[in-house]
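For clarity, every value in this text was computed on a predicted model and none was experimentally measured.
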Amino acid sequence: GGCLVHLAGVPAAAPLKALCAMPFPASVKNLLAATGKWTSFFGDSVLLEQFLHMNSLLAPQCPTDLQAATSSMDPGVYFQAAVPEYLTLCDSEGRCTFNELPCLHFSRPFDCPQNSLIPCGHNAHRECSVQEWEQLVQRVADPGVARAFTFHWVPKRVGGFDAEEPLWPTAMPGSGKQPPPGPTLSQKFAVGKPDYIIMNNCLHTYPYSFNLPEPLWQQHLGDFLGMVSWNIKSLKAAGFTGGFQFQTCTKLDCNATQYAYIAQSGGEAICRRKNKELSAVKTAQIQMITELGLSVMDAFSITGQYPDKTSDGLHPCFIRPCSWTPQTVARDRQQDVASAQYTRLRGKLQADETAYQTGLQFYQQQARLGPSSDLAIEAQFLGQEFALVQSEAQQVSMLFQQVPHSPYARNNEGLCMPFFDSWSAQLQDAAMTKKFSSSLLDMGAPLPVIRVAAPVES
């Protein structure tokens, strides 16, 4: 009752007794209430940051030996250090714990197409066994758990198909050999499966190709859509029948002055060309997912409504794992104080350096005219100014070490709340939560005919 919502097609979960009283936005409460006991996120770093943002609102307790804390804060590289898979468990009183998972449950290591420009990074972690999946299922099924949320690193295809995807022949890097077989999706889902899945798939599978001629571009788009549909169909083939939502490609924030990523990736002109292509790709994604009878969220349009609000031009937000703990919050506040002091003192240093250089030039001009008592006074004044500048420069240098200088060093909520609001709006509409029942989701079903105009440079 109250703020709790239940959707048709999603298994009912035990109510969170404290949910209505929690200081969460209504959209977060609806997400918690509407998606069943176990919600899984299958995707890349864009969806991972949304998952971590949700956790920052839940503020779960964190392990003391968090592996992600030792890795780079840049979302483009930190997955190489810590396994980007997580489990959050909440009891009926809303008390939650955040856990790192030791392996990849649905991504094969080095799962790379043989003849493609798609980069193969971020998949070097080992694959989980069926036994490890069973242990995860048991933790979720514990009677004391009222809600469970998992993030699974699936930037390309859902690994562990029961049959090889025909458009994606793979090989181990540098060897030309097929990866060793691993557990199939059906083996894992036979043990247990989520009630609700939120999935995205974009740039790890779709490299920019706006320079291709129209026929080749359409073929490239068709291959990508076939890959995405294979991911979705594999879930049904493995026995998944719960609620589902797909999230489209997001829009890049083309501000090269504000975002180093944009400046280093070709600048604003290239960024705008990329966005034209991403707009076409998301239109195709929406058409295909709708044809398959499933729910889709237009993340591209949401991003476009809030210019200059992303964390780095690519990710809608950036939240560090366990950055919501009291210790981390206190450290961030100390950094805020140091940052303010650094900005103020750096400005004063620049002004004092300018005053010193002006005085020095005047002194040198007067010295060329011959000695005088005024020169002695001026020399004494310059000495004091020089000592002040040196002292301020030392303080600025010390403060520099205490101040974060990367866009990934601090949390940035960015656009994650608008994304949550959109999720909530769709979740409250029972018609938007559709089960995997359509025959179009069968592995043998043909892909819906999708054709959108290729991006044309204006």
Side-chain angles (χ1 to χ4, degrees), residues 41-51 74-80 84 106-107 110-113 116-124 151-159 167-168 198-212 217 220-232 246-254 256 259-268 270-286 288-289 296-304 310-318 407-408 414-416 419 452 454-455:
F41 296 70
F42 282 51
D44 57 23
S45 58
V46 169
L47 199 61
L48 171 56
E49 291 307 326
Q50 295 170 246
F51 173 82
D74 185 336
V77 298
Y78 76 32
F79 307 122
Q80 299 296 338
F106 301 107
S107 278
F110 304 111
D111 188 17
C112 312
S116 173
L117 297 177
I118 298 173
C120 293
H122 310 330
N123 273 56
F151 177 85
H152 301 291
W153 180 244
V154 188
K156 298 181 180 71
R157 66 173 183 174
V158 177
L167 293 173
W168 191 279
I198 297 173
M199 176 185 286
N200 81 331
N201 194 299
C202 192
L203 295 181
H204 286 269
T205 312
Y206 188 91
Y208 298 111
S209 51
F210 48 74
N211 288 321
L212 290 178
W217 187 87
H220 183 64
L221 176 65
D223 289 347
F224 168 69
L225 294 177
M227 187 32 240
V228 173
S229 69
W230 186 272
N231 273 354
I232 296 171
F246 187 86
Q247 180 172 296
T248 71
C249 294
T250 57
K251 184 178 182 179
L252 301 177
D253 210 339
C254 297
Y259 303 119
Y261 169 81
I262 300 300
Q264 296 166 4
S265 303
E268 295 184 4
I270 293 297
C271 180
R272 288 191 289 270
R273 292 194 67 188
K274 291 177 178 178
N275 272 338
K276 283 187 178 181
E277 182 169 24
L278 290 175
S279 179
V281 171
K282 74 93 178 179
T283 299
Q285 286 178 317
I286 291 174
M288 185 186 74
I289 301 299
V296 58
M297 188 180 86
D298 185 355
F300 186 94
S301 296
I302 296 174
T303 316
T310 62
S311 63
D312 56 5
L314 176 62
H315 297 85
C317 61
F318 185 72
Y408 311 115
L415 298 179
C416 277
F419 275 53
V452 297

Exam field: side chain Gln285 to backbone Asn201, donor-acceptor pair closer than 3.5 Å: yes
Spacing of OG1 belonging to Thr250 relative to CG belonging to Leu415, to within rounding of 0.5 Å: 9.0 Å
Pairwise distance SG(Cys249) to CD(Glu277) - rounded to 0.5 angstrom: 9.5 Å
Non-hydrogen atoms of Phe151 and Leu47 that approach each other most closely: CE1-C, 3.9 Å
Step-by-step side chain to side chain contact (heavy atoms under 4.5 Å, CB included) determination, Met227 to Tyr206: CA-CA 10 Å; Met227 187 32 240; Tyr206 188 91; over 6 Å; no
Audit row: Met199, Val154, side chain to side chain contact (heavy atoms under 4.5 Å, CB included) steps and yes/no: CA-CA 9 Å; Met199 176 185 286; Val154 188; 5.8 Å; no
Value rounded to 0.5 Å, distance of NE2 in His315 from CG in Leu252: 10.5 Å
Ser279 side-chain N/O to Asn275 backbone N/O, donor-acceptor pair under 3.5 Å: no
Candidate pair Phe246 and Val228, rule side chain to side chain contact (heavy atoms under 4.5 Å, CB included), full reasoning: CA-CA 10 Å; Phe246 187 86; Val228 173; 3.7 Å; yes
Note, Met288 side chain near Val296 side chain (heavy atom, < 4.5 Å): no
Side-chain donor/acceptor of Gln247 to backbone N/O of Ile198, under 3.5 Å: no
Value rounded to 0.5 Å, distance of OG in Ser209 from CH2 in Trp217: 7.0 Å
Any donor-acceptor N/O pair, Tyr259 side chain to Thr310 backbone, under 3.5 Å: yes
Reported CG-to-NZ distance for the pair Asp298 and Lys282, which is rounded to 0.5 angstrom: 3.5 Å
Working for side chain to side chain contact (heavy atoms under 4.5 Å, CB included), residues Ile289 and Thr248: CA-CA 10 Å; Ile289 301 299; Thr248 71; over 6 Å; no
Exercise: identify the closest heavy-atom pair between Val452 and Ala280: CG2-O, 3.6 Å
4.5 Å side-chain heavy-atom contact, Leu278 and Cys202: yes
Heavy-atom donor-acceptor pair, Ser107 side chain to Trp153 backbone, under 3.5 Å: yes
Any donor-acceptor pair under 3.5 Å from Asp44 side chain to Lys156 backbone: no
Under 3.5 Å donor-acceptor, Glu268 side chain and Ile262 backbone: no
Distance, nearest 0.5 Å, that separates CZ of Phe210 from CD1 of Ile270: 5.0 Å
